[in-house]
Engineer: 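Attaching a single structure in structure tokens format; questions to follow.
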Amino acid sequence: MRTINSIAVLVMVMALSSCGNEDFPQVRELAERIIPEHHELFVFEAVEDSADCYEISMNGEKVLIRASNANSAAVGLNHYLKNYCLTTVSWDARNPVEMPDELPSVEGTVKVNAHCGDRFFLNYCTFGYTMPWWGWNEWERFIDWMALNGVTMPLAITGQEAVWQKVWMKHGLTDEQVRNYFSGPAHLPWHRMSNIDYWQGPLPQEWIDGQAELQKKILKRERELGMTPILPAFAGHVPKELADVYPSIDTTRVSYWGGFADEYRCTFLAPMDSLYAEIQKDFLTVQTEMFGTDHIYGVDPFNEIDAPSWDPQTLGNMAAHIYGSMAAVDPETVWLQMGWLFYADPAHWTQENIRSFLRAVPQDRLIMLDYYCEFTEIWKQTQEFYGQPYIWCYLGNFGGNTMMSGNFRTVSSRIDDALANGGDNLIGMGSTLEGFGVNMFMYEYILERAWDTGMSDDEWIEVLADRRLGYADEGVRKAWRTLCDEVYTEHSKTGHATLTCAHPALEGNWHWTTKPSTNYPTETLWNVWETLLSAESDRDTYGYDVVNVGRQVLGDHFMAVRDQFTEAYKSGDLPLMQEKAAMMLDIIDDMDRLVACHPEFSLKDWVDMARSFGETPQQKDYYETNARTLVSVWGDSYHLSDYASRAWAGMLSSFYKVRWEMFLKEVMDSFKAGVPFDAKAFDARIWEFENAWAKSSHEIDYPEPGDPVATAKEIIAKYR
């Protein structure tokens with residue numbers, strides 16, 4: 001393959017200068033951020049085309065990328081990086097961008113058109129499970145990743161508490177009432193979705209102010225890169241204290257959510273109440289003054305909560321008033337609505353109710369997100385959302401869980417079907433992931449399928465294997481084919497995690513928030529891990545894959561050993577129980593030191609970033625408690641405990657291992673005493689430990705980062 005002599009070209013560039021008059025300077029700046037040593041070797045030009053497209057060719061010794069707009073130009077750049085340089089740009093700022101010394105040349109012209117013009121990304125929950133402690137460094141890389149992967153419609157809900165603070169104080173509430181009404185930072189998505197109020201409040205003022213400033217940077221960069229950020233609008237959620245100011249308003253307490261106590265329940269203002277439109281006007285006016293507008297607003301009034309009425313006509317009336325309140329302020333309003341509610345509550349959201357709700361909004365002024373298409377496609381159940389525009393979405397991760405999951409081939413066939421049969425109102429594709437887990441390649445794949453690259457799935461998998469390793473290796477290609485064909489066959493589920501992260505139990509999984517199920521023989525993944533380790537590479541992406549596959553292997557193996565422990569308990573074999581108990585704890589220790597080999601698997605980073613938002617020790621402890629709570633007990637009862645479980649270095653040793661140690665000891669102590677193991681009494685004791693851990697700010701003994709390959713080989717030698 002012909003290459004570009006980077007030194008010679010750099011000299012030429014310095015002599016000639018680019019004069020700063022090229023098309024898409026924002027994409028040039030993106031390239032300079034991610035590949036600073038090579039960015040001058042690219043030329044970006046605009047083409048006149050109403051549809052999204054890009055072309056890649058050579059312009060002398062430079063790579064020429066011609067595109068219909070800045071977003072398409074960024075996708076063209078990424079196409080070249082992935083397919084020619086075998087380079088992966090991660091959504092995580094901690095991961096390096098690894099480039100060849102010399103850039104490969106392009107033969108002829110590569111032209112790619114988009115299947116659809118809208119590509120959506122994010123979920124309200126992502127702002128809690130992944131993003132609450134991000135600063136500009138993390139956001140900047142992620143926005144670059146979105147641009148490179150063609151995202152045009154990112155959810156953009158950061159900083160809205162600064163808007164609400166002004167609105168609620170205008171309506172007579174005190175600063176103390178307003179900040180108490182907000183939840184702690186990591187739980188704000190569920191406050192915003194009308195699920196919980198007051199939890200771990202009051203929200204600090206420095207957080208509110210800092211997030212508003214961060215949102216301005218986020219929106220500026222997203223707009224520069226050709227995106228249309230989706231800002232929020234008023235969905236009916238109000239502080240209960242508002243009734244003290246307006247005693248005659250029509251409000252209802254929403255249904256209980258997530259096991260939270262009554263004091264945390266939310267209050268909903270009827271859209272037909274005259275105050276609703278007034279609050280909507282105030283909110284959109286203040287938000288536009290602070291952040292501007294792109295005229296598409298995310299509004300989700302009934303996420304996992306009951307509507308005040310399930311009468312079809314009333315539901316339609318509410319939808320009409322919600323839309324009307326926005327359109328009265330912004331005549332260009334388009335309402336974006338999650339389709340999750342139709343999946344989550346099919347008993348209430350009958351076809352009659354869905355039809356009434358959707359058709360109450362003027363045609364093409366409502367966009368629906370078909371939220372969980374890898375499992376259930378709502379467009380097939382609703383006559384393509386009764387004609388309203390919709391976006392096909394892959395969810396893929398609940399809670400930021402660290403679990404290898406995703407049904408690659410099924411997703412591929414469903415995308416083919418949607419593109420062929422989804423109707424003219426299918427306007428886009430995207431993802432609604434709850435958190436960044438361990439399967440980034442699935443999201444790269446989903447977003448790339450929005451483009452007609454002409455690449456088959458098998459070809460795509462080969463390139464994926466090559467760019468993770470840095471070169472073509474048939475063994476690693478085979479390993480990735482096995483992953484996509486035999487391991488990534490099951491859709492992601494709520495609570496999908498290995499048993500190591502579960503509340504201990506003798507059989508099954510104690511609670512729905514940890515589902516360790518897999519669809520492949522454990523031996524299959526052992527073989528993949530060993531195949532990966534037979535290659536050699538100094539790439540960070542390769543090291544990550546070694547850690548991630550090994551983490552899953554050990555998690556799967558742990559469940560098998562737990563079952564052996566239980567059989568020994570039932571058969572009365574104490575020595576075997578002791579042997580299997582020791583092995584289980586060893587597995588957790590080995591997982592802990594393995595995941596410590598890559599920074600993405602780090603409780604320390606999560607905690608340190610949270611603490612960085614505070615200035616005083618008390619403030620730092622507040623943020624740490626909020627951060628620890630989300631990834632452990634979650635709320636004020638066991639109902640959501642472990643939902644956001646993470647097999648992270650430090651968390652494995654300080655939280656999960658301690659729970660299993662307590663459990664194994666008590667089971668064996670009961671056996672020795674000749675009494676049945678009292679699971680209920682144990683659950684009460686462990687709940688005390690879990691809550692104490694969540695509220696603690698004690699230093700955790702983190703394992704030292706090691707070499708991922710060497711560590712993995714040591715572990716394999718121990719267990720194989």
Side-chain angles (χ1 to χ4, degrees), residues 122-136 138-139 154-220 229-242 245 264-269 279-293 297-301 303 609-610 612-615 619 622-623 625-627 629-630:
L122 292 175
N123 177 321
Y124 292 94
C125 302
T126 328
F127 290 79
Y129 289 132
T130 295
M131 301 168 166
W133 316 119
W134 278 11
W136 178 239
E138 290 76 25
W139 268 106
L155 191 64
I157 59 173
T158 301
Q160 64 179 274
E161 284 66 41
V163 181
W164 282 120
Q165 188 175 41
K166 293 180 180 182
V167 171
W168 296 134
M169 291 180 71
K170 177 184 176 182
H171 283 273
L173 300 188
T174 66
D175 172 73
E176 182 181 9
Q177 287 176 316
V178 174
R179 291 195 301 108
N180 278 328
Y181 162 67
F182 299 140
S183 70
H187 292 77
L188 280 172
W190 297 273
H191 168 78
R192 295 163 178 167
M193 291 187 289
S194 307
N195 300 139
I196 53 173
D197 289 343
Y198 312 104
W199 174 251
Q200 293 192 342
L203 188 64
Q205 189 64 46
E206 76 269 7
W207 173 272
I208 296 172
D209 296 340
Q211 292 295 291
E213 292 305 309
L214 180 60
Q215 173 75 330
K216 293 174 184 177
K217 291 183 178 181
I218 292 168
L219 295 173
K220 181 175 184 293
I230 311 301
L231 275 71
F234 178 49
H237 179 205
V238 299
K240 65 182 179 184
E241 294 85 356
L242 195 65
V245 182
Y264 302 112
R265 284 171 68 192
C266 298
T267 302
F268 180 75
L269 174 65
I279 293 173
Q280 187 75 270
K281 179 180 178 181
D282 291 339
F283 178 81
L284 291 180
T285 300
V286 174
Q287 179 174 254
T288 302
E289 289 172 354
M290 293 180 66
F291 303 138
T293 183
Y297 304 102
V299 181
D300 292 278
N303 178 68
M609 290 171 71
S612 72
F613 281 89
E615 295 183 0
Q619 290 172 341
Y622 166 80
Y623 290 117
T625 292
N626 186 241
T629 298
L630 189 75

Engineer: Between Tyr264 and Ser183, is the side-chain contact (heavy atoms from CB on, under 4.5 Å) condition met? List the steps.
Structural biologist: CA-CA 10 Å; Tyr264 302 112; Ser183 70; over 6 Å; no

Engineer: Which distance, rounded to the nearest 0.5 Å, do you find between the CD of Glu138 and the CG of Leu214?
Structural biologist: 9.5 Å

Engineer: Who pairs with Met131 by side chain to side chain contact (heavy atoms under 4.5 Å, CB included), at least two apart in sequence or on another chain?
Structural biologist: Leu122, Thr126, Phe127, Trp134, Trp139, Phe142, Phe436

Engineer: For Ala212 and Ala162, which heavy atoms make the closest approach, and how far apart are they?
Structural biologist: CB-CB, 3.7 Å

Engineer: Grab the two heavy atoms, one from Phe268 and one from Pro301, that are nearest each other, plus how far apart they are.
Structural biologist: CE1-CB, 4.2 Å

Engineer: Is there side-chain contact between Leu203 and Ile208, with at least one heavy-atom pair below 4.5 Å?
Structural biologist: yes

Engineer: Side chains of Tyr297 and Ile230, heavy atoms from C-beta outward: is any pair under 4.5 Å?
Structural biologist: no

Engineer: Hey, could you give me the CE/CG distance between Met193 and Asn303, rounded to the nearest 0.5 Å?
Structural biologist: 5.0 Å

Engineer: What residues, two or more places apart in sequence or in another chain, satisfy ring pair (Phe, Tyr, Trp, His ring centres under 6.0 Å) together with Phe234?
Structural biologist: Trp164, Tyr276

Engineer: Looking only at heavy atoms, what is the nearest atom pair of Ala233 and Val299, with distance?
Structural biologist: CB-CG2, 3.6 Å

Engineer: For the residue pair His187 and Asn195, confirm or rule out a side-chain donor-acceptor distance under 3.5 Å.
Structural biologist: no

Engineer: Kindly write out the residues that satisfy side chain to side chain donor-acceptor pair (under 3.5 Å) with Asp175, not counting sequence neighbours, or none if the list is empty.
Structural biologist: Gln165, Arg179

Engineer: Quick one: pull up CG in Leu155 and CG in Leu231 and give me the separation to the nearest 0.5 Å.
Structural biologist: 9.0 Å

Engineer: Take Arg265 and Lys240 through the side-chain contact (heavy atoms from CB on, under 4.5 Å) test and state the conclusion after the steps.
Structural biologist: CA-CA 9 Å; Arg265 284 171 68 192; Lys240 65 182 179 184; over 6 Å; no

Engineer: Identify, with sequence neighbours excluded, every residue that meets salt bridge (charged side-chain N to carboxylate O under 4.0 Å, His left out) alongside Lys217.
Structural biologist: none

Engineer: State, to 0.1 Å, how close Pro185 and Pro189 come at their nearest heavy-atom pair, and which atoms those are.
Structural biologist: O-CD, 4.2 Å

Engineer: Output yes when a side-chain donor or acceptor of Gln215 lies under 3.5 Å from a complementary backbone atom of Ala156, and no otherwise.
Structural biologist: yes

Engineer: Distance check, rounded to the nearest 0.5 Å: Leu269 atom CG versus Gln280 atom CD?
Structural biologist: 10.5 Å

Engineer: Please assess Thr629 against Trp199 for the test side-chain contact (heavy atoms from CB on, under 4.5 Å), listing each intermediate value before the final yes or no.
Structural biologist: CA-CA 11 Å; Thr629 298; Trp199 174 251; 4.2 Å; yes

Engineer: State whether the number of non-hydrogen atoms from other residues, nucleotides or ligands found under 6.0 Å of Lys170 atom NZ is greater than 12.
Structural biologist: no

Engineer: Within the structure provided, determine whether Tyr623 and Pro204 are in side-chain contact (heavy-atom separation under 4.5 Å).
Structural biologist: yes

Engineer: Report the residues that fulfil side chain to side chain contact (heavy atoms under 4.5 Å, CB included) with Thr174, sequence neighbours left out, ordered by chain and then residue number.
Structural biologist: Glu176, Gln177

Engineer: Please list, chain by chain and in numerical order, all residues satisfying side chain to side chain contact (heavy atoms under 4.5 Å, CB included) with Thr288, sequence neighbours excluded.
Structural biologist: Thr293

Engineer: Do Trp133 and Ser612 make a side-chain contact, defined as non-hydrogen atoms from C-beta onward lying under 4.5 Å apart?
Structural biologist: no

Engineer: Just checking, any donor-acceptor pair under 3.5 angstrom between side chains of Thr625 and Gln200?
Structural biologist: no

Engineer: Return the set of residues passing ring pair (Phe, Tyr, Trp, His ring centres under 6.0 Å) with Phe182 (not counting sequence neighbours), or none when no residue passes.
Structural biologist: His191

Engineer: Among residues two or more places apart or on two chains, list those pairs meeting salt bridge (charged side-chain N to carboxylate O under 4.0 Å, His left out) that have a residue in residues 182-200.
Structural biologist: Glu161-Arg192

Engineer: Could you go through the ring pair (Phe, Tyr, Trp, His ring centres under 6.0 Å) check for Trp190 and Tyr129 one step at a time?
Structural biologist: CA-CA 11 Å; Trp190 297 273; Tyr129 289 132; 4.9 Å; yes

Engineer: Mind checking side chain to side chain donor-acceptor pair (under 3.5 Å) for Gln287 and listing every partner two or more places apart, or none if nothing turns up?
Structural biologist: none

Engineer: Would you please name every residue forming a side chain to side chain contact (heavy atoms under 4.5 Å, CB included) with Pro239, sequence neighbours left out?
Structural biologist: Trp168, Leu173, Tyr181, Glu241

Engineer: Does the side chain of Gln619 come within less than 4.5 Å of Glu206's, by heavy atoms?
Structural biologist: yes

Engineer: Sequence neighbours excluded, which residues qualify as side chain to side chain donor-acceptor pair (under 3.5 Å) partners of Thr130?
Structural biologist: none

Engineer: Identify, with sequence neighbours excluded, every residue that meets side chain to side chain donor-acceptor pair (under 3.5 Å) alongside Asp300.
Structural biologist: Tyr124, Gln337

